[in-house]
Structures are given as structure tokens and as C-alpha cells.
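Report on the following structure.
Order of the sequence lines fixes the chain letters, A, B, ..., with proteins taken first and strands second; residue numbering starts at 1 for each chain.
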Amino acid sequence: MKALEVKNIIKRFPGVLANDNINLSINKSEIYSIVGENGAGKSTLMKIIYGLYTPTSGEIYVFGKKVKINSSNDAIKLKIGMVHQEFMLIPRFSVTENIVLGHEPRKGMFFDRKVAVKEIKEISDRYGLKVDPLEKVENLPVGIQQRVEILKILRRGAEILIFDEPTAVLTPEEAEDLFKTLSFLRDSGKTIIFISHKLKEVMTISDRIAVLRRGELQGVVYKEKTNEKELARMMVGRDVVLEIPEALVKRGDTITSVRNLTVKNKRGIVGLKDVSFDVHSGEILGIAGVEGNGQSELIDALIGFIKPIGGSIFLSGKKVKLINPRNMRKRGMAYIPEDRKRRGLILPFKIKDNVIMGQHNKRPFSRNGILNDMAIESFAEKKVEEFDIRPRDIYTKAANLSGGTQQKVLLARELSINHNFILASQPTRGLDIGAMEFVYKMLIEEKKRGVAVLLVSLELSEIMGLADRILVLYEGVIIGETKPGETSEEELGLMMLGLKKKERVM
Amino acid sequence: MKIILKRLFSRRKEEYWWMTIAVPLVSILFALITGVIFIKITGRNPIRAYELLFGSSGLFPGPYWKNHFAEMLLSSSMFISTGLAFAIAAKAGLFSIGAEGQFIVGGIVAAYFGYAKPFAGLPAILHLIIVFIMAMTAGGIWGAIAGWLKAKKGIHEVITTIMLNWIALYLIEDWLVTGPMKANVATGVSGTPYISATAKLPKILPGTRLNISFIIIAAAVFFTWYFLYRTTIGFEIRAMGHTLVFGMEAPKASGVNIDRRIIQTMFISGAAASLGGSFIILGILFQYPPVFEGGYGFDGIAVALIGQNEPIGILLAGILIGALRTGATAVQLAHIPKTFPSIIEGLIVAFIALQELVRYLIIKLVVPKRSESG
Ligand SMILES: Nc1ncnc2c1ncn2[C@@H]1O[C@H](COP(=O)(O)OP(=O)(O)O)[C@@H](O)[C@H]1O
Ligand SMILES: [Mg+2]
């Protein structure tokens with residue numbers, strides 16, 4: 001039986017064809033994955049099905065019946081539920097209150113908490129989704145919050161469940177749990193639509209996989225009959241080799257040095273202790289480590305968000321006296337943050353405004369404090385071309401760009417700022433392979449130009465592929481130094497867990 | 001020419017850009033309709049009430065139009081000034097409710113420099129310029145204090161601006177006006193002395209009270225637009241406002257001096273509010289009275305909301321509120337209390353606050369038609 005069919009769906013945004021004549025037919029109780037690069041149109045299609053966007057044209061059939069979905073209320077009535085990437089939970093409310101909000105069981109005029117709690121216990125047992133109904137949501141880890149979201153839509157009777165990049169916010173263990181849940185839901189008769197750009201995940205859990213590229217459906221394949229390589233080719237439109245080319249560059253002078261840096265984080269805990277290292281021109285220095293071992297403290301100190309309680313930072317050979325972002329920038333630092341929406345871009349600003357942020361007060365973008373639109377626009381047009389930013393429309397707001405494109409805008413901006421040092425913090429987080437490839441290419445080019453790069457990453461393969469030297473952070477100290485050629489992912493893994501040390505020679 | 005046209009239109013390419021204009025217009029319409037229902041329920045004649053209200057509002061020609069028109073623009077100038085003050089701060093993500101205090105600080109300073117000796121003898125133009133510079137500086141500093149407390153001490157601007165409002169009020173009414181700035185008792189004047197003729201705002205429409213305040217405020221509207229959208233500081237301020245929920249981290253990481261910008265923004269906001277205070281003293285009252293009937297600061301918040309925090313919007317919203325106030329007295333002829341226009345104003349704000357609902361209704365009504373015809 002068909003749970004959901006979409007026919008000839010077209011969605012046009014100004015300047016972009018986000019969905020170009022999409023036809024999908026999804027069976028009841030299957031896990032149907034949709035993969036595609038950032039900006040392929042996956043979220044747009046899901047938002048159409050969930051009633052958040054109206055399609056430019058096309059038809060939707062739910063359980064064989066032609067329907068019009070004008071709002072998420074319509075979707076819920078048709079037993080369609082969606083788990084959004086940003087959860088829609090109220091932190092101060094309990095699990096139970098969050099789940100029943102809007103559809104509370106009542107006794108007379110009043111909210112019947114007892115019945116509600118009992119009801120939550122029941123569905124959470126039925127689907128094996130363990131939660132404490134009385135706990136406040138703000139005290140829960142992200143994985144459990146997601147569980148609450150799932151329970152919320154199950155309680156409203158959802159038969160078709162949409163997950164838009166649900167693993168983006170999860171740790172690997174939490175993702176494992178989620179996959180178990182998804183399989184269980186499928187086996188109990190629910191239909192699952194699973195969006196991702198991580199091929200490994202898709203290959204683990206799907207029954208069938210649809211591939212989108214630039215708004216077009218490239219094909220639908222059974223999991224058994226395909227492999228990651230084929231999917232990647234369909235997604236990107238050519239063979240993708242995420243092997244990072246070796247770039248031999250003679251390492252030059254020291255550009256950036258950190259000496260005995262000790263940093264207290266916002267919670268008042270000393271997160272980084274007595275850390276020293278140098279980054280040279282033409283070198284990528286990788287910082288490996290499990291998340292939360294001092295990376296954010298190191299970054300915050302380097303960009304000037306936190307004043308270190310000890311030690312010093314030297315940029316371009318000079319000690320930075322007053323540590324704040326402005327001074328760091330003045331001395332040639334470019335910064336690629338891990339959270340581009342928070343620390344990188346001004347989302348409501350247009351592409352043209354975002355690419356000049358930070359240089360807006362320099363010529364030719366402004367004179368005596370007055371912006372020069374002509375200069376800004378021609379610069380933006382140039383960058384959009386150079387970095388292959390799609391759409392080519394410099395008036396598009398950054399908020400309406402997909403993650404990969406946002407990252408390109410950010411790179412276009414940071415790399416055009418006068419710099420000799422790049423602080424790159426998880427520069428490929430949340431990106432698909434096509435965009436990752438692009439970021440790697442840019443970093444290697446910068447290295448060839450003689451720029452010093454500090455790469456902080458949680459991805460071992462990224463560090464092993466890009467870095468010339470690797471420092472391992474563990475509990476706020478550098479537990480060892482090594483080189484990609486002299487170590488293995490296993491050994492690095494052990495060092496990251498603090499189980500192995502390596503002497504440093506400085 | 002082609003480039004200009006392309007710029008004008010290509011910038012508007014976002015979906016539903018016209019919502020910024022449609023939402024306030026529809027909200028005003030809803031408010032007027034709700035007003036009809038109110039009047040109807042209380043058994044009076046809504047058509048007659050609106051006839052009287054708008055007939056004497058100054059917006060439309062009619063009996064005594066010239067006077068109504070002049071009065072409308074006079075009071076609009078004040079509303080626009082406090083509306084700008086709120087909007088400038090709001091653009092930077094600051095919720096300032098200090099316009100009330102900055103308004104009266106501007107007023108008392110304008111009064112002082114309007115009558116005080118060495119200045120009162122100056123030629124008119126020079127005298128006026130000095131008075132305005134002093135009033136705006138004082139109002140600006142009053143705002144900047146809140147900015148400084150926010151930037152350096154992290155105290156929320158809502159708290160500090162409210163406190164500064166009260167401080168201003170008590171300083172002026174309980175000390176200055178009854179103490180050092182009190183008029184000579186022998187002249188029989190209460191409040192401060194009257195300002196000299198050289199400090200009075202020149203009239204521009206014979207037979208009415210209309211003076212150059214509206215021209216000044218129109219220039220201020222343009223200046224505000226230019227400042228926000230054409231200068232690098234305005235660029236930074238808007239970036240800060242847009243990233244408020246993220247602790248302004250993105251502009252900060254790009255090297256924007258957030259603390260300094262907060263203080264500057266609050267200074268400019270305060271200076272804008274002090275303009276209104278100067279207008280009322282230099283153009284209407286000619287002295288600072290012992291008890292000042294305020295409220296312009298809070299009306300400014302409404303004006304900014306209706307104008308969607310955009311300078312042009314505030315100009316139009318300010319004129320609307322000015323018109324409603326001007327027509328207020330006339331509605332009494334229909335046996336409706338003269339506070340009725342304030343109710344309308346409140347309703348408009350309420351509907352604007354329900355933006356999402358209004359947006360939804362507009363889309364429901366307009367969008368299907370568009371896709372059928374297109
Ligand atoms: N509200 C919008 N306005 C304009 N363009 C949009 C909007 N939402 C998405 N887009 C554009 O549509 C395309 C598809 O985006 P999206 O569906 O979010 O991709 P995905 O989820 O596959 O990463 C992108 O080019 C994006 O910039
Ligand atoms: Mg998406």
C-alpha cells in the first residue's frame with residue numbers, strides 16, 4: 001500500500017528552482033531515505049508535505065487520497081508528523097507537559113496531569129522510547145529531547161513520520177539509538193521518511209533511497225542494490241574522491257604562537273591548561289580531541305572572546321596585548337567558526353552584505369564611514385562567481401541559503417580579508433561531501449599560499465588528511481604531538497581518550 | 001537610470017516583501033472596524049464618529065482644515081521624534097523605553113538655553129542652533145548613560161531606561177522647575193521663565209501654530225534612514241540587532257566594537273527623543289511648566305511598532321497618530337469620550353502584535369488568487 005505519493009511537485013523561490021518536478025511514491029512501513037547535497041531541495045520538499053510551504057504546482061496523495069495540505073494542522077490531521085531540526089519544545093516544561101501541549105486531557109475545565117502522565121508512560125512503553133515523564137525538558141540531553149519530539153507526534157496519531165536531518169544534532173551513540181527506534185517504528189507499521197546527507201547512515205537504515213540534486217530527482221534505489229560510491233556519484237553528479245591530495249609545501253616562519261595559555265571558560269572552569277604551540281607559514285596544524293576537551297576554550301581565547309587567565313598569544317610575530325576580536329583581526333586572523341549561523345553570518349543580511357562584514361569599514365567598501373554600494377555589489381558579484389555560490393543572486397538573504405552555500409559565503413568573506421593565519425574550527429561540520437571537498441581544496445590552497453592554518457576538528461579522517469602536524473588535546477592539556485605519516489587513526493583514538501601519551505619536542 | 005530601476009526592484013525580490021507594508025495597513029483597517037463594533041455596541045453612531053474624527057483630524061479637507069492640518073503636523077513631530085528614538089535602539093537589538101525621560105530632559109535644557117541670559121541676546125538662527133545642540137546633547141547623554149550601563153556593567157536597558165525616566169522626572173519637577181530654574185515670583189509665572197523670542201520656532205503657516213518642527217523632524221527621518229542604511233556604523237548596528245538572540249557573536253567575531261556601538265546607539269536614540277521635547281517647549285509651551293503632561297515616550301513605542309521600525313514607516317505612523325489625537329476632541333460631539341482615538345491606537349498596536357495572525361489572514365486572502373491568475 002502507498003502511504004504517500006507526490007506527483008510533479010514544483011517549488012520555485014525567487015531565483016531558485018528548489019524542487020523541479022519531483023515524483024515519489026512511498027510504501028507503508030518502509031524507511032524511505034532522501035539524500036542530496038546541501039541545497040538540493042530536501043527540506044523544501046518536506047516542508048511542502050508538512051504544509052509549511054505551498055508548492056508552485058503538483059499533487060500530493062496520502063494513503064491513496066488526493067489532498068491539499070495548507071498548514072501543518074492539515075498535515076497532522078492526515079497523520080503526517082515532522083521532527084524538525086530545531087526542536088519545538090519548551091525547556092521549562094516537563095516531558096509530559098510538552099507532549100500533551102495543545103491536546104491536553106482534561107477533567108472538567110482543568111488539565112488532568114495524572115491521566116496525561118499515564119498516557120505518556122503507555123506510549124513510551126509501546127514504542128520502547130524511554131523517558132521520564134516528569135523531568136523538565138531543559139535537563140535532558142539532545143537525544144532524549146528528540147525522543148520527546150517523536151512521542152509528541154506519535155501521540156497525535158502520526159502514521160507518516162518525517163525526520164529532517166535528525167542526526168545532525170546527535171552524538172554517534174544517540175544516533176545509534178535513534179536508528180533502533182526508527183526500525184522499531186517501521187516494524188510496527190509506521191512509515192518513515194529520513195533525510196540526511198550522510199551516506200553511511202542512509203546505507204544502515206533505509207529500505208529505499210531517493211537521491212536529489214539541484215532540485216531534481218536523480219533516481220530511487222533499493223539499499224541492497226547500491227553502495228556509497230554510487231550514491232555519492234548520483235548526489236554530486238560526478239565521481240567524488242574525498243581523498244585529500246597531498247600538498248607538499250616548505251614550512252616557513254612562525255606566524256602564530258601560543259605560550260602557556262590557560263583559559264577559564266564561561267562556567268568558571270579552567271578548560272585549557274598551560275598550552276603552547278607554534279603554527280608556521282605553509283603549515284596546517286591539526287588539533288585533535290574528543291569534544292569538550294578544551295577546544296572551545298582554545299578557540300574563544302584565540303578569537304578574543306575570552307581573556308585568558310594566563311599565558312600569551314603572538315600573532316604575526318608580535319604579542320597581542322589586548323585580546324579582543326578586533327585586535328586579532330587586525331593582526332591577520334581569518335576565522336571559520338563551527339557554528340556559522342551563530343558566529344559566522346548575519347542571517348537576515350543579504351549575500352552582498354555578508355561578504356563584506358569585517359571589511360565594510362575599509363576602502364573601497366566605504367569612505368569616511370559612508371557605504372559605497374557600487375563597490376560592494378561588484379565585489380559580491382565577483383565572489384559569487386569565484387566561490388560558485390548558488391544562486392548567483394547577491395540579494396538573497398543568507399538565511400535562505402543551504403548550509404553548504406552559507407559556508408561558501410563565509411569562506412568567501414574570511415579568505416578575502418587580509419590574513420596570514422586561519423583559525424578553522426570544524427570547518428566542514430554539517431556539510432555534504434561536495435561542500436567538504438570544496439573546503440578542503442580552499443584550505444590546501446591557502447596553505448600553498450603560505451598561510452598558517454590551525455585546524456580544530458573532531459573528525460579524525462579530516463585531521464589525518466589535512467594536517468602536517470597533529471596535537472592531541474585531552475582534558476585541556478596537549479597530551480601528545482605526532483604527524484599523520486607516523487601514526488594511525490587507532491593510535492590517535494587512544495591518545496584522544498587519554499590512554500596513550502607521546503612526548504613533545506618543542 | 002536602468003541601474004537605478006534594477007536596484008530598486010531587484011532588492012525587493014524576497015518573497016512577500018510587501019508584507020512589511022500590508023501588515024500595518026491591514027492592522028489599521030482591523031482596528032477601525034473593531035472601533036465600529038465598539039461604538040455600535042454602546043449604542044452610538046459609528047459613521048458619525050468617524051466622520052467627526054477624521055473630518056477634524058487634519059488628514060482630509062473640511063471645515064477649519066488649515067488649523068487641523070497645522071495641529072496634526074505639530075503633534076506628529078513629537079510622536080515621530082520618540083518613534084525614531086525607539087526604532088534606532090530597536091535596530092541595534094536594544095529595547096529602550098527611555099524616550100519619555102530623554103524627551104523631558106531635552107525639553108528642560110531647551111527651556112534653559114531659551115531664556116538664560118548670555119544666549120537670549122543672540123541672533124535668532126544662532127540662538128536656535130545652540131538651543132538644539134544643547135538639548136540633543138543632553139538627551140543623548142541621558143540615553144548614553146543607559147547604553148554605558150548596558151555595555152560596561154551588563155545591566156538590562158529596560159531597567160535602566162525606566163529608572164532614568166523617573167530620575168529625569170523628579171530632577172526636573174521637584175528640583176529644577178521649583179528651584180534653580182523657577183521664574184521670578186513677581187512676574188506671576190509658575191514653572192520656568194518664558195524663552196526669548198529668538199528661541200521660538202519660526203512659524204510657517206500664517207494663522208496657525210505650525211512651525212518648522214515638522215521640517216526638522218522630516219530631516220531627522222531622512223538622517224535616521226541614511227545613518228542606518230548608508231553608513232558603516234548603521235550597518236554594524238543592524239548586524240547587532242539581527243544577531244541579538246545569538247549574543248551578537250557574529251558581528252563581534254568580525255571585529256565590531258559592540259560596547260561602543262551600544263553607547264553610540266543609545267546616544268543617538270536619546271538625541272532623537274530630545275528633539276520632540278525641544279519642539280514642545282520652543283514651539284508650543286514657550287516655557288517648562290510646573291507639571292508636564294507627558295506620555296510622548298510611550299506613544300513613540302506604538303508609533304515605532306506601527307511603522308515597523310523603519311524611518312519612513314515611522315513618519316507615516318507618526319502622522320496617523322497625530323491625526324487621531326487632533327481629531328480626538330471632535331468625537332465628543334458624537335457623545336464619545338475623547339480618549340476613543342487612543343483606543344484605536346491601542347487596537348492598531350494589538351493587531352500589529354498579532355502579526356502572525358494578520359500575515360496568515362493576508363496570505364489566505366491574497367496568495368491563492370495570485371497563483372490562480374499567474
Ligand atoms: N524560503 C526560501 N526563500 C528562498 N530560497 C529558499 C528558501 N528556502 C530554501 N531556498 C532555496 O532552495 C534551495 C533548496 O533548499 P533546501 O530545501 O533547504 O535544501 P536542503 O534541505 O536539501 O539542504 C536552496 O537553493 C535554498 O537556497
Ligand atoms: Mg535541509
Portion of [X] that has a non-hydrogen atom of chain B nearer than 4.5 angstrom:
| X | value |
| --- | --- |
| A:R340 | neither |
| A:I370 | both |
| A:L345 | backbone |

Item to check | Contact summary for B:A239 and A:F349, nearest pair of heavy atoms | outcome: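 Of all heavy-atom pairs spanning B:A239 and A:F349, the closest is N-CZ, 3.6 Å.
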Checklist entry - Which pair of non-hydrogen atoms, one from A:G344 and one from B:A250, has the smallest distance, and what is that distance? => result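 Heavy-atom minimum between the residues: O-CB, 3.8 Å.
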Between atom [atom1] of [X] and atom [atom2] of [Y], what is the distance when rounded to the nearest 0.5 Å?
| X | Y | atom1 | atom2 | value |
| --- | --- | --- | --- | --- |
| A:R343 | B:S254 | CZ | OG | 12.0 Å |
| A:N324 | B:D259 | CG | CG | 10.0 Å |
| B:T243 | A:L347 | OG1 | CG | 9.5 Å |
| B:H242 | A:K397 | NE2 | NZ | 7.5 Å |

Contact between [X] and [Y] at the side-chain level, heavy atoms closer than 4.5 Å - yes or no?
| X | Y | answer |
| --- | --- | --- |
| A:M357 | B:V256 | yes |
| A:L371 | B:T232 | yes |
| A:H360 | B:E236 | yes |

Next on the checklist: Heavy-atom count check: over 12 atoms from other residues, nucleotides or ligands less than 6.0 Å from B:I312 CD1?
Outcome noted: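 Not buried by this count: 12 neighbours or fewer within 6.0 Å.
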Checklist entry - Under 6.0 Å from the CZ atom of A:R392, do we count more than 12 heavy atoms belonging to anything else shown? => result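 For A:R392, atom CZ is crowded (more than 12 foreign heavy atoms under 6.0 Å).
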Checklist entry - Is it the backbone or the side chain of B:Y229 that comes under 4.5 Å from a heavy atom of chain A, or both, or neither? => result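 B:Y229 touches chain A through backbone heavy atoms alone.
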Item to check | Of A:I376, A:I356, A:N361, the residue whose pairing with B:F235 passes side-chain contact (heavy atoms from CB on, under 4.5 Å) | outcome: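 Among A:I376, A:I356, A:N361, the one meeting side-chain contact (heavy atoms from CB on, under 4.5 Å) with B:F235 is A:I356.
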Next on the checklist: Heavy-atom pairs under 4.5 Å with chain B: which of A:R329, A:R413, A:K341 has the most?
Outcome noted: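 Between A:R329, A:R413, A:K341, the count favours A:R329.
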Checklist entry - When heavy-atom pairs shorter than 4.5 Å are enumerated against chain B, which of A:G358, A:G369, A:P325 gives the highest number? => result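 The candidate making the most pairs under 4.5 Å is A:G369.
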Checklist entry - Are the charged groups of B:R238 and A:D353 less than 4.0 angstrom apart, N to O? => result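 No, B:R238 and A:D353 are not salt-bridged.
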Checklist entry - Is B:K252 positioned over the aromatic face of A:F305, cation under 6.0 angstrom from the ring centre and no more than 45 degrees off axis? => result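 The answer is yes, since B:K252 meets both limits relative to A:F305.
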